[in-house]
Amino acid sequence: MGNSSHGLSLVVPLNSFGNVLMFLFSVFLAAAIIFLNVSVSLSILLNKALRSENRFMYMLSTCLSDICTGVSYYYVGVLDVRDNFESPTTTFYIVPTFLGLSYMAILAAQADRYHAVVSPFKYSQRMTRNRTLMVIVAYWVYAFFIVGVHNLVPLGVAKKITSMGTLVGNILTVTIMIGLNIRLFIIARFQLEKEPPSEERDSKRSSVYLILVVAVFFLGTWLPIFSHVMACNIANSTCYTFRNEGTDPLRILPRVNASLTPVLYIRGCSALRVTLLTKVWRHCCCRRSR
């Protein structure tokens with residue numbers, strides 16, 4: 001069934017056991033991304049103490065972009081969709097932008113933790129909650145400004161912008177993320193250990209370790225597609241493409257990360273976990289039991 005004449009078909013034809021599993025995986029992955037990120041978002045919004053900390057604002061930003069990723073995956077992952085400029089099933093660069101917003105949120109959260117631990121006094125003066133929210137709004141606006149540029153310029157120009165922007169942006173941001181990871185690990189492992197035991201030290205250390213783990217998982221799921229795209233750009237050749245987004249393992253991995261990140265948040269933050277279990281999931285279960 002052709003997309004142009006009869007509408008969209010499923011990501012794979014359901015004519016074998018493996019294809020059925022592939023289809024179910026796509027459906028459940030989208031559902032897991034939405035469920036887990038909505039749960040974490042509600043936990044942050046329902047807890048005033050969490051909302052008062054800057055790092056949870058970055059968590060909330062990540063969750064919101066990942067919720068959009070989960071919703072959009074019912075289109076790009078469950079249906080037979082190729083999301084590129086020339087495809088009739090294109091999302092006009094919007095769906096990849098949601099993934100990019102998660103990337104920017106994690107990078108900003110790393111920089112935030114680094115600043116908070118290295119210069120706590122200056123951090124408390126500079127990074128008020130309003131300024132943190134301004135940073136978050138700024139990279140959301142920037143991301144969709146780029147979407148607008150891609151859709152307003154001619155196709156050839158858009159391809160050149162994407163090619164050069166992806167190459168330079170990926171190399172720069174991955175280098176910064178890895179560098180921050182190394183610095184944060186050194187700080188958590190050596191600098192914070194020298195401080196006298198206190199609740200503040202434990203809080204700093206747990207927040208640093210949490211963003212470290214989140215960033216490591218992020219890099220593990222994103223580096224394959226980054227490396228693939230950068231190699232194609234450097235070689236000036238066309239990248240190998242799968243039949244659609246939902247069968248391309250390099251594009252599935254970042255979506256898997258969108259379901260892993262909230263799990264890491266829940267596992268690594270006791271206050272968030274308590275709020276989730278007592279105010280979100282328990283409340284929902286109680287309402288269902290009635």
Side-chain angles (χ1 to χ4, degrees), residues 32-33 36-67 69 101-120 123-124 127 129 132-133 135-136 139 173-174 176-195 197-223 254 256-281:
I33 293 170
L36 291 168
N37 283 285
V38 166
S39 297
V40 172
S41 298
L42 289 174
S43 300
I44 295 171
L45 292 172
L46 291 172
N47 190 318
K48 187 176 180 180
L50 299 184
R51 295 199 309 271
S52 66
E53 293 189 42
N54 291 343
R55 64 190 180 111
F56 288 101
M57 292 297 98
Y58 290 111
M59 284 189 193
L60 185 60
S61 174
T62 308
C63 289
L64 291 176
S65 56
D66 285 344
I67 289 168
T69 294
L101 282 165
S102 297
Y103 186 20
M104 287 190 278
I106 292 172
L107 189 61
Q110 278 187 291
D112 177 82
R113 286 300 86 202
Y114 179 76
H115 188 192
V117 174
V118 172
S119 307
Y123 176 83
S124 62
M127 292 309 297
R129 188 185 177 204
T132 300
L133 293 175
V135 170
I136 294 170
Y139 64 69
T173 54
V174 168
I176 293 172
M177 186 174 281
I178 293 173
L180 282 173
N181 259 19
I182 294 171
R183 288 289 297 138
L184 286 170
F185 176 77
I186 293 171
I187 289 168
R189 185 69 183 86
F190 300 104
Q191 183 176 319
L192 292 179
E193 292 294 337
K194 294 179 182 178
E195 295 184 6
S198 66
E199 186 176 337
E200 183 182 359
R201 188 198 73 166
D202 293 340
S203 176
K204 284 182 182 178
R205 187 169 57 182
S206 64
S207 67
V208 169
Y209 276 128
L210 177 57
I211 194 61
L212 271 173
V213 172
V214 168
V216 167
F217 273 87
F218 185 91
L219 287 170
T221 53
W222 277 77
L223 276 178
V256 172
N257 182 73
S259 65
L260 283 176
T261 301
V263 174
L264 295 174
Y265 287 155
I266 295 166
R267 177 68 182 83
C269 182
S270 58
L272 178 65
R273 186 166 61 251
V274 169
T275 304
L276 177 70
L277 295 175
T278 57
K279 292 187 177 181
V280 180
W281 287 354

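Because only heavy atoms are used, hydrogens play no part in the values below, and waters and symmetry mates are left out as well, while side chains stay in. Throughout, residue positions are numbered sequentially from 1 according to the sequence presented.
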With rounding to the nearest 0.5 Å, note down the distance linking [atom1] in [X] to [atom2] in [Y].
X	Y	atom1	atom2	value
N257	L219	CG	CG	9.5 Å
S41	L276	OG	CG	11.0 Å
M59	C269	CE	SG	5.0 Å
L272	Y265	CG	OH	10.0 Å
T69	N37	OG1	CG	8.5 Å
T261	I33	OG1	CD1	9.5 Å

Compare every heavy atom of [Y] with every heavy atom of [X], then report the nearest pair and how far apart it is.
X	Y	answer
A105	T62	CB-OG1, 3.3 Å
A258	P262	O-CD, 3.2 Å
L101	Y139	CD2-O, 3.7 Å
S43	L50	O-CD1, 3.9 Å
G268	L210	CA-CD1, 3.9 Å
S259	L36	O-CD1, 3.4 Å

Counting C-beta onward and ignoring hydrogens, is there a side-chain heavy-atom pair between [X] and [Y] closer than 4.5 Å?
X	Y	value
V118	Y123	no
Q110	L107	yes
M57	I44	yes
M104	S65	no
V135	Y58	yes
R113	L212	no
L60	I136	no

- Query: Would you say the side-chain atoms of R205 pair up with the backbone N or O of A188, donor to acceptor, closer than 3.5 Å?
  - Reply: no
- Task: Spell out, as yes or no, whether a donor-acceptor pair under 3.5 Å connects the side chain of N54 to the backbone of M127.
- Result: yes
- Mind checking whether W222 and Y103 have parallel, tilted or perpendicular rings, split at 30° and 60°? parallel
- Query: For R51, does the CZ atom have more than 12 heavy-atom neighbours from other residues, nucleotides or ligands under 6.0 Å away?
  - Reply: yes
- For the pair I187 and V208, evaluate side chain to side chain contact (heavy atoms under 4.5 Å, CB included) and give the outcome as yes or no after the intermediate values. CA-CA 9 Å; I187 289 168; V208 169; 5.5 Å; no
